[in-house]
Amino acid sequence: MQGYVKAWKSDKGYGFLAGQDGDDYFVHFTNIEGEGYQELLEGRDVEFDIEEVEQGRPKAVNVKMLEEGRI
């Protein structure tokens, strides 16, 4: 799915993505492609997969920032 970075908290290592389906998805830095600590930039376009978690709330995984962004 594609969407954009709605919010990112660098000090916490997590944020939220707005999907093209209109839903928001939690994302943790460990689910961003790349090695080590990865950050996202608010407003940038991303591509990601959706994974269901135990509580039934979906989260974003395999997150990749796209070359062309909103900023």
Side-chain angles (χ1 to χ4, degrees):
M1 175 179 297
Q2 290 191 349
Y4 68 92
V5 182
K6 189 171 186 177
W8 182 255
K9 298 185 179 289
S10 293
D11 58 330
K12 305 285 185 183
Y14 70 83
F16 294 91
L17 307 180
Q20 64 189 21
D21 61 358
D23 289 336
D24 290 344
Y25 298 94
F26 173 82
V27 59
H28 189 261
F29 80 90
T30 57
N31 297 118
I32 301 170
E33 289 189 0
E35 293 194 27
Y37 180 74
Q38 299 291 314
E39 291 195 60
L40 296 173
L41 301 173
E42 288 186 15
R44 287 289 302 268
D45 290 327
V46 291
E47 192 170 75
F48 59 97
D49 295 322
I50 300 166
E51 180 179 282
E52 295 292 328
V53 293
E54 292 178 16
Q55 297 86 3
R57 304 184 99 188
K59 69 176 183 177
V61 295
N62 303 321
V63 179
K64 175 173 53 173
M65 245 190 313
L66 300 176
E67 293 297 319
E68 297 297 320
R70 296 175 184 273
I71 296 175

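Predicted model, so just to flag it, every value in this text is computed and none were measured. In what follows, every heavy atom counts, from backbone to side chain, and hydrogens, waters and symmetry copies are set aside.
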Subject >> I32 reachable from M1 in the ILVMFWY side-chain graph, under 4.5 Å edges >> reply: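 M1 clusters together with I32.
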**OP:** Please confirm whether the backbone N or O of W8 pairs with a side-chain atom of E42, one donor and one acceptor, at under 3.5 Å?
**Re:**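 Looks like yes, one N/O pair under 3.5 Å.
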Original post:
Which heavy atom in L41 sits nearest to a heavy atom in M65, and how many Å separate them?
Top reply: N-SD, 4.0 Å
Subject >> Heavy-atom closest pair, residues I50 and P58 >> reply: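 So the minimum-distance heavy-atom pair works out to CG2-CB, 3.5 Å.
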Original post:
Atom NZ of K64 and atom CD of Q2: how far apart are they, to the nearest 0.5 Å?
Top reply: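 That separation rounds to 9.5 Å.
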Subject >> Residues clustered with V61, ILVMFWY side-chain links under 4.5 angstrom >> reply: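 Members other than V61 - counting any ILVMFWY side chain reachable under 4.5 Å - there are none.
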**OP:** State, yes or no, whether a side-chain contact exists between L40 and L17 at a heavy-atom distance under 4.5 Å.
**Re:** yes
**OP:** Would you indicate whether the side-chain heavy atoms of L66 and R44 approach each other to under 4.5 Å?
**Re:** no
**OP:** Please test E39 against F29 for side-chain contact (heavy atoms from CB on, under 4.5 Å), starting from the C-alpha separation and ending with a verdict.
**Re:** CA-CA 6 Å; E39 291 195 60; F29 80 90; over 6 Å; no
Original post:
Checking side-chain contact (heavy atoms from CB on, under 4.5 Å) for the pair E33/Q38: CA distance, chi angles, key distance, verdict?
Top reply: CA-CA 8 Å; E33 289 189 0; Q38 299 291 314; over 6 Å; no
Original post:
Are D45 and Y4 close enough, and set up right, to give a side-chain contact (heavy atoms from CB on, under 4.5 Å), and what steps lead you there?
Top reply: CA-CA 4 Å; D45 290 327; Y4 68 92; 3.8 Å; yes
Original post:
What do the steps show when you test Y25 against F16 for side-chain contact (heavy atoms from CB on, under 4.5 Å), and what is the final call?
Top reply: CA-CA 5 Å; Y25 298 94; F16 294 91; over 6 Å; no
